[in-house]
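Encoded as structure tokens, the structure appears first; notes follow it.
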Amino acid sequence: MHQVSSTNSAQKVCRLLRVLSTPQPLRLTDICAGSGLDRATALRLIETLVSEGFVQRDAITKCYSLGDEALVLGMAMQGRDHIRDRARPSLVRLAALSGDTLLLSTRHGLESVCIDREFGSFPIRANYLDVGSRRPLGAGAGSLALLAWLPNSEVEAILKLLQPALKKRYPRITPDLLRTEIAQARERGYAMLLDVVVDQMGGIGVPILGADGKPIGAISIAALTQRITTRLSMLVPALKRAGQELSEHYAQREAA
């Protein structure tokens with residue numbers, strides 16, 4: 001939960017919109033819990049957002065979701081050199097190669113956000129992570145890749161802040177486990193988590209690095225654990241190649 005005691009109204013609105021940027025409509029109780037706002041403040045701001053078209057309320061379920069004006073803001077991003085557009089061909093190629101689910105994630109504070117997804121042909125899909133879904137950093141292979149390639153001091157600061165969220169939502173994922181997985185990821189050049197987020201499911205992920213060497217995104221493959229472990233020799237080189245190509249693009253763009 002966010003601490004908002006000293007924030008202004010604009011920051012509170014931003015936090016409400018961030019909480020609402022999920023595929024599922026949310027109850028007011030959930031919005032308050034996610035934003036750290038009290039019920040009266042949240043309701044007052046949400047009513048304004050509803051009147052302006054940025055949020056909509058379902059009259060039957062009483063749940064809230066983003067409105068058409070929020071969609072217009074998202075459409076305004078089209079045509080720019082956005083990482084989603086840049087990475088989409090890689091997602092399509094890797095989904096066709098692996099037959100499994102490809103995910104593109106970016107970091108937002110202490111969370112990773114799934115911003116694109118491509119299904120492969122295999123009938124059992126990793127469809128538990130929708131576009132717009134948020135997870136604590138480290139909860140998933142792509143999310144772990146976003147964390148693992150940060151500087152050590154930043155990793156340690158994040159792990160301390162993440163502990164309550166991980167304990168509540170992902171009790172199998174502890175700071176000590178993440179430290180071990182981070183060390184292994186750096187050594188082998190890719191992150192891997194198996195059977196800790198969802199039973200019998202796993203993933204491998206690589207970072208997309210910016211010119212400063214820090215992750216600006218991550219590509220990951222999510223599949224049945226057995227499909228991951230028995231095909232690493234095929235999946236890992238293809239995934240690494242995609243991450244390297246995208247990293248080189250952003251490094252060259254900064255240098256230009």
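These figures come from a predicted structure and were not determined experimentally. Residues: numbered from 1 along the sequence shown.
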Residues V206, Y190; criterion side-chain contact (heavy atoms from CB on, under 4.5 Å); working and verdict = CA-CA 5 Å; V206 296; Y190 65 93; 3.8 Å; yes

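Atom CD of Q163 has 12 or fewer neighbouring heavy atoms from other residues, nucleotides or ligands inside a 6.0 Å radius. More than 12 heavy atoms of other residues, nucleotides or ligands lie within 6.0 Å of CD in E154, so this atom counts as buried by the packing criterion. The neighbour count for K62 NZ, taken as heavy atoms of other residues, nucleotides or ligands under 6.0 Å away, is above 12.
Residue pairs meeting the side chain to side chain donor-acceptor pair (under 3.5 Å) criterion with at least one member in residues 23-32, sequence neighbours excluded: Q24-D130, R27-D30. Applying the salt bridge (Lys or Arg N to Asp or Glu O under 4.0 Å) rule to pairs touching residues 198-210 yields R172-D199, sequence neighbours excluded.
Partners of L193 according to the side chain to side chain contact (heavy atoms under 4.5 Å, CB included) rule, which considers only residues two or more places apart in sequence or in another chain, are L144, E181, V196. The salt bridge (charged side-chain N to carboxylate O under 4.0 Å, His left out) search around R39 returns none, not counting sequence neighbours. By the side chain to side chain contact (heavy atoms under 4.5 Å, CB included) test, A165 pairs with P136, sequence neighbours left out. Every residue two or more places apart in sequence or in another chain that forms a side chain to side chain contact (heavy atoms under 4.5 Å, CB included) with V13 is listed here: L17, L45, L49. For E156, the salt bridge (charged side-chain N to carboxylate O under 4.0 Å, His left out) criterion is met by R179, not counting sequence neighbours. Under the rule for a side-chain hydrogen bond (donor to acceptor under 3.5 Å, both in side chains), the partners of S65 that lie at least two apart in sequence or sit in another chain are Q56. Taking A238 as the reference, L94, L97, R241 meet the side chain to side chain contact (heavy atoms under 4.5 Å, CB included) condition, with sequence neighbours excluded. R44 pairs by the side-chain hydrogen bond (donor to acceptor under 3.5 Å, both in side chains) definition with nothing, not counting sequence neighbours. For the salt bridge (charged side-chain N to carboxylate O under 4.0 Å, His left out) test, no residue two or more places apart in sequence or in another chain qualifies with D195. R186 meets the salt bridge (charged side-chain N to carboxylate O under 4.0 Å, His left out) test with no other residue; sequence neighbours excluded.
Residues L104 and I208 meet the side-chain proximity criterion, which asks for heavy atoms closer than 4.5 Å. At a threshold of 4.5 Å between non-hydrogen side-chain atoms, the residues H249 and L246 do not count as touching.
In the model, R134 has a side-chain atom that pairs as donor or acceptor with a side-chain atom of S21 under 3.5 Å.
The distance from atom CG of L232 to atom CD1 of I221, rounded to the nearest 0.5 Å, is 9.5 Å. Distance check, rounded to the nearest 0.5 Å: OG of S90 to CD1 of I219 gives 5.0 Å.
Minimum heavy-atom separation, T106 to I216: CG2-O, 3.6 Å.
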